[in-house]
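Positions are given from 1 along the sequence.
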Amino acid sequence: MPHVEIVQLLVSPVHRFEGRPGDGLPELPAADLVTSAEIRAGLGIVGDRYFNRPAHRNASVTLMAAERLPRPAKGQADLLRTRRNVLLRGVDIDAYIGSTVFLDSGTGPVEFEVRTAARPCAWMDTTLGPGAQRALRGGGGVRCRPLTDGTLTVGPALFGVREAPDT
């Protein structure tokens, strides 16, 4: 099982990217970055804007690879700027669409059905810098449905594949 790192976790009760990207960067409170997140099967992350929302139950948690993030000229690229939930280092999570994967940060595995790509939007050019939306195509993270309850924490974790897609 590969060892990975959970670099950041974002649990945000508010969507934040509203209006038009040309209106400028919205407030992105650092309090949305947490050290642990409680996951509920079929519902998402407790306290997050997509938790138990019928339209998002099959894609309530987003995972992204830190290696895919473009580095902005100013500031650090992070989950506040991408609005993904889990930033991982050490696994190209975008390669696992159609798979069932797990993360275990020490309290037991949390399983996710990796459903679709989390496509980057025009906001990425505002939050990360010009050209970020294009740079993140094919690497903007994945939208997942949590299959088991559990807790994720920032730090070292195990990553594994429970079920690969049929080829």
Side-chain angles (χ1 to χ4, degrees), residues 1-12 15 17 32-71 77-121 123-124 127-128 131-167:
M1 267 179 283
H3 290 271
V4 299
E5 179 185 3
I6 297 175
V7 179
Q8 287 182 324
L9 294 166
L10 181 123
V11 179
S12 179
H15 182 61
F17 289 169
D32 287 355
L33 292 175
V34 297
T35 57
S36 68
E38 188 178 346
I39 313 297
R40 290 289 170 250
L43 300 175
I45 300 175
V46 175
D48 191 68
R49 64 205 177 276
Y50 296 127
F51 183 77
N52 197 23
R53 300 269 189 230
H56 295 280
R57 283 202 188 120
N58 285 329
S60 60
V61 179
T62 51
L63 311 177
M64 184 175 197
E67 293 85 353
R68 297 284 195 134
L69 278 171
R71 297 292 172 220
D78 61 27
L79 294 181
L80 286 175
R81 295 173 180 275
T82 64
R83 308 307 291 165
R84 306 303 191 243
N85 297 115
V86 182
L87 185 62
L88 299 171
R89 180 174 286 123
V91 62
D92 182 12
I93 194 65
D94 294 272
Y96 290 93
I97 293 173
S99 299
T100 298
V101 302
F102 71 86
L103 286 167
D104 185 344
S105 56
T107 59
V110 180
E111 293 186 9
F112 297 95
E113 179 184 2
V114 183
R115 309 253 320 153
T116 62
R119 291 182 171 75
C121 67
W123 276 103
M124 297 302 105
T127 63
L128 295 173
Q133 180 183 12
R134 181 180 299 265
L136 286 171
R137 285 189 189 142
V142 293
R143 295 168 53 102
C144 303
R145 179 176 168 254
L147 300 176
T148 59
D149 293 349
T151 301
L152 296 179
T153 58
V154 171
L158 294 175
F159 171 83
V161 178
R162 293 272 195 246
E163 186 177 321
D166 294 333
T167 54

(message) My understanding is that only residues two or more places apart in sequence, or in another chain, count here; which of them pass side-chain contact (heavy atoms from CB on, under 4.5 Å) with Ser36?
(response) Thr151, Thr153
(message) Can you tell me how far apart CG (Leu87) and CD (Glu67) are? Round to the nearest 0.5 Å.
(response) 8.5 Å
(request) For Asp94 and Gly141, indicate whether the former's side chain and the latter's backbone hold a donor-acceptor pair under 3.5 Å. (result) yes
(message) Applying side-chain hydrogen bond (donor to acceptor under 3.5 Å, both in side chains), can you list everything that pairs with Ser60, at least two apart in sequence or on another chain?
(response) none
(request) Could you walk me through whether Asn85 and Arg49 pass the side-chain contact (heavy atoms from CB on, under 4.5 Å) test, one step at a time? (result) CA-CA 11 Å; Asn85 297 115; Arg49 64 205 177 276; 4.2 Å; yes
(message) For Thr116, give me all partners under side-chain contact (heavy atoms from CB on, under 4.5 Å), at least two apart in sequence or on another chain.
(response) Arg143
(message) Tell me the closest heavy-atom pair linking Pro146 and Gly44, and the distance in Å.
(response) CG-N, 3.6 Å
(request) Over all heavy atoms of both residues, which pair between Gln8 and Leu33 is shortest? Give the atoms and the distance, please. (result) NE2-CD1, 3.6 Å
(message) Taking ring pair (Phe, Tyr, Trp, His ring centres under 6.0 Å) as the definition, give me every residue that meets it alongside Phe51, ordered by chain and number, with sequence neighbours left out.
(response) none
(message) Once rounded to the nearest 0.5 Å, what's the spacing between atom CG of Leu158 and atom CZ of Phe102?
(response) 6.5 Å
(request) Starting at CG of Leu103, measure out to SG of Cys144 and round the result to the nearest 0.5 Å. (result) 9.0 Å
(request) Could you tell me if the ring centre of Phe159 sits under 6.0 Å from that of Tyr96? (result) yes
(request) Indicate yes or no for a side-chain donor-acceptor contact from Asn58 to the backbone of Arg145 under 3.5 Å, with no hydrogens or angles considered. (result) no
(message) Holding to side-chain hydrogen bond (donor to acceptor under 3.5 Å, both in side chains), I want the full list of residues that pass it with Asn52, two or more places apart in sequence or in another chain.
(response) Arg57
(request) State, with a plain yes or no, whether a side-chain heavy atom of Val101 is found less than 4.5 Å away from one of Glu111. (result) no
(message) Donor-acceptor pair, distance only, cut-off 3.5 Å: does the side chain of Thr100 make one with the backbone of Arg162?
(response) no
(message) Please enumerate all residues that pass salt bridge (charged side-chain N to carboxylate O under 4.0 Å, His left out) together with Glu5, with sequence neighbours excluded.
(response) Arg89
(request) Give a yes or no answer on whether the side chain of Asp48 reaches the backbone of Val11 with a donor-acceptor pair at less than 3.5 Å. (result) no
(message) Run Val46 and Arg40 through side-chain contact (heavy atoms from CB on, under 4.5 Å) and show every step you take.
(response) CA-CA 7 Å; Val46 175; Arg40 290 289 170 250; 3.8 Å; yes
(request) Report the distance from atom CD of Glu113 to atom OG1 of Thr148, rounding to the nearest 0.5 Å. (result) 12.0 Å
(request) Tell me, please, which residues at least two apart from Arg53 pass salt bridge (charged side-chain N to carboxylate O under 4.0 Å, His left out). (result) none
(message) Test of understanding: with side-chain contact (heavy atoms from CB on, under 4.5 Å), list the residues that count as partners of Ala117, not counting sequence neighbours.
(response) Ile97, Arg119
(message) Return the CD1 to CG distance between Ile6 and Leu152, rounded to the nearest 0.5 Å.
(response) 4.5 Å
(request) Please list, chain by chain and in numerical order, all residues satisfying side-chain contact (heavy atoms from CB on, under 4.5 Å) with Val154, sequence neighbours excluded. (result) Leu9
(request) Compare every heavy atom of Ala157 with every heavy atom of Ser105, then report the nearest pair and how far apart it is. (result) CA-CB, 4.0 Å
